[in-house]
Amino acid sequence: MKVGIVGAGMVGSAAGYALALTGHASHVVLVDRNAALAQAQAEDIAHAVPFASACVVEAGDYPALAGAGVVILAAGVAQQPGETRLELLGRNAEVFAEVVAAVRSAAPDAILLIASNPVDVMTQAATRMSGLPPGRVIGSGTILDTARFRSLLARHLGIAPQSVHALVLGEHGDSEVLAWSTARAGSVPIGAFADQMGRPLTEAARAAIDEGVRRAAYRIIAGKGATWYGIGAGLARIVRAIAADQRDVLTVSMLTPEVLGVRDVALSLPRVVGAAGVLADLHPELTAEESEGLAASARLLKDSATSLGF
Ligand code: ADP
């Protein structure tokens, strides 16, 4: 599948690199307002391809996106000193208004995959701007938080992350909800599994895992300024589900008709992802406390989107 990437900064280029190395895309086109940057990133990534796959990687302007099955939107502007979060959001929404229109006219059949932060609000904005059905505008959402939750649980239990099913729901950000009550390993509830393995999930162990998931981005930003490898691989994972019509259950963001009484809000739930985009939404059974957390997350996101007019 041909995949376009608009925004060839750290996140966009990491996604291109992951797509090229995994071979989940046959053709990657990088577009950026800074054409020299897009060109340099494409050339650098193309040099990795002979070691891994047969992917064609190039830079171009919007017309080069023609025929793309997925276009990843990773464009954005950085926060200025003294700028509020809402002002930054407004400026990023302006970038998206321009980018979404250009992508829609160049690649009208493409599914949009939103990576720019705050990803849930940007997904809501891109859905409204594009006029596409919500299932064709997918935000990376909590795909990374869920992967981290599974891997930290797996490490505690001493098993493979693939054998752990656990979800992070709601906002990709501070209000996200780790759905402990639904977590399973090998179909056994996670607490019972941990006891059987002789590695109980004590309050302290749970708190450490919660902190490990919730504070991961802060730690990485403190050390290297931004995050890109994890999200790049997560975006490639979503492309794989679409390109191969895999119908994977992934926690991704999408404009959802109703979440616990909050109408028309983009946030992450487990969803079935295939060639047509999101095929179904799943609403896990949660405890009262988890439900309240998810409802609060939904209200917060809805307020942000509403304040921007989306
Ligand atoms: P991140 O870490 O989120 O990838 P970067 O600042 O590294 O952030 O990358 C964002 C990229 O988005 C930059 O390369 C910037 O040139 C690009 N960009 C910003 N505005 C636009 C726009 N209107 N059209 C295309 N690309 C844009």
Side-chain angles (χ1 to χ4, degrees), residues 3-20 28-46 57-66 68 70-81 83 85 87-107 110 112-123 125-126 128-130 137-145 171-173 216-239 252-253 308:
V3 177
I5 301 175
V6 180
M10 299 316 299
V11 171
S13 61
Y17 185 59
L19 285 166
V28 170
V29 179
L30 291 166
V31 177
D32 198 289
R33 187 173 56 177
N34 180 346
L37 175 68
Q39 185 61 45
Q41 296 280 32
E43 203 174 333
D44 196 8
I45 295 167
V57 184
E58 60 184 355
D61 206 342
Y62 286 99
L65 299 176
V70 173
V71 177
I72 297 173
L73 305 193
V77 288
Q79 195 157 9
Q80 301 290 327
E83 190 175 43
R85 192 169 163 277
E87 284 164 351
L88 174 68
L89 256 169
R91 283 204 301 135
N92 266 326
E94 280 169 28
V95 169
F96 258 44
E98 172 194 328
V99 168
V100 168
V103 170
R104 289 287 294 137
S105 84
L112 304 184
L113 181 48
I114 314 303
S116 304
N117 274 318
V119 69
D120 301 290
V121 179
M122 299 315 288
T123 300
R128 301 290 196 208
M129 289 167 178
S130 66
V137 185
I138 304 171
S140 52
T142 57
I143 189 160
L144 202 51
D145 314 79
E171 180 194 16
H172 170 57
Y218 290 99
R219 271 196 308 279
I220 296 167
I221 289 167
K224 59 182 257 187
T227 72
W228 55 85
Y229 292 122
I231 188 59
L235 290 163
R237 178 71 187 80
I238 299 168
V239 168
V252 289
S253 192
L308 284 174

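Numbering of ligands and ligand atoms starts at 1, following listing order.
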Hey, can you pull the donor-acceptor pairs under 3.5 Å for the side chains in residues 5-14, sequence neighbours left out?
residue	atom	partner	partner atom	Å
Ser13	OG	Gly9	O	2.6
Ser13	OG	Met10	O	3.2
Ser13	OG	Gln41	NE2	3.4

Problem - Note, Asn92 side chain near Ser116 side chain (heavy atom, < 4.5 Å) - result: no
Fill in the blank from the handout: Any heavy atom of Ala75 under 4.0 Å from ligand 1? The part involved is both
Fill in the blank from the handout: Ranked by distance from atom 26 (N) of ligand 1, the top protein heavy atom is Arg33 N, 3.2 Å
Exercise for the section: Please determine if Met10 has a nitrogen or oxygen closer than 3.5 Å to a nitrogen or oxygen of ligand 1. Expected result: yes
Problem - From Asn117 atom CG to Ser140 atom OG, the distance as rounded to the nearest 0.5 Å - result: 7.0 Å
Exercise for the section: Would you indicate whether the side-chain heavy atoms of Ile114 and Ser253 approach each other to under 4.5 Å? Expected result: no
Practice task
Using protein heavy atoms only, decide if any is under 4.0 Å from atom 14 (O) of ligand 1.
Solution key: yes
Handout entry: Test item: protein heavy atom less than 4.0 Å from atom 7 (O) of ligand 1
Key = yes
Fill in the blank from the handout: The reported gap from CZ in Phe96 to CG in Leu308 (rounded to nearest 0.5 angstrom) is 12.0 Å
Fill in the blank from the handout: Val95 heavy atoms within 4.0 Å reach ligand 1 at atoms 20 (N), 21 (C), 22 (C), 23 (N)
Problem - Identity of the nearest option to atom 17 (C) of ligand 1, non-hydrogen atoms only, from Ile231, Asp32, Leu73 - result: Asp32
Problem - Heavy-atom nearest neighbour in the protein, as seen from atom 3 (O) of ligand 1, with distance rounded to 0.1 Å - result: Val11 CG2, 3.8 Å
Practice task
For the residue pair Leu30 and Ile45, establish whether any side-chain heavy-atom pair is separated by less than 4.5 Å.
Solution key: yes
Fill in the blank from the handout: Within the 4.0 Å heavy-atom cut-off, what Val99 brings close to ligand 1 is side chain
Exercise for the section: Would you mind reporting whether Leu19 and Ile72 have side-chain heavy atoms less than 4.5 Å apart? Expected result: yes
Handout entry: Residue pair Glu171 / Val119, side-chain heavy-atom distance below 4.5 Å
Key = no
Handout entry: Donor-acceptor pair between Asp120 and His172 side chains, under 3.5 angstrom
Key = no
Handout entry: Residue, atom name and distance, where the atom is the protein heavy atom closest to atom 23 (N) of ligand 1
Key = Glu98 OE2, 3.3 Å
Problem - For atom 9 (O) of ligand 1, the protein heavy atom that lies nearest, with its residue and separation - result: Gly9 CA, 3.3 Å
Exercise for the section: Measure Leu37 to ligand 1 on non-hydrogen atoms and call it side chain, backbone, both or neither using the 4.0 Å cut-off. Expected result: side chain
Exercise for the section: Could you say whether the N/O atoms of Gly7 and ligand 1 ever approach to under 3.5 Å? Expected result: no
Exercise for the section: Assess Gly76 for proximity to ligand 1: is some non-hydrogen atom of it under 4.0 Å away? Expected result: yes
Handout entry: Check: Asn34 N/O within less than 3.5 Å of ligand 1 N/O
Key = no
Problem - Ile138 side chain reached by Thr123 side chain, heavy atoms, under 4.5 Å - result: no
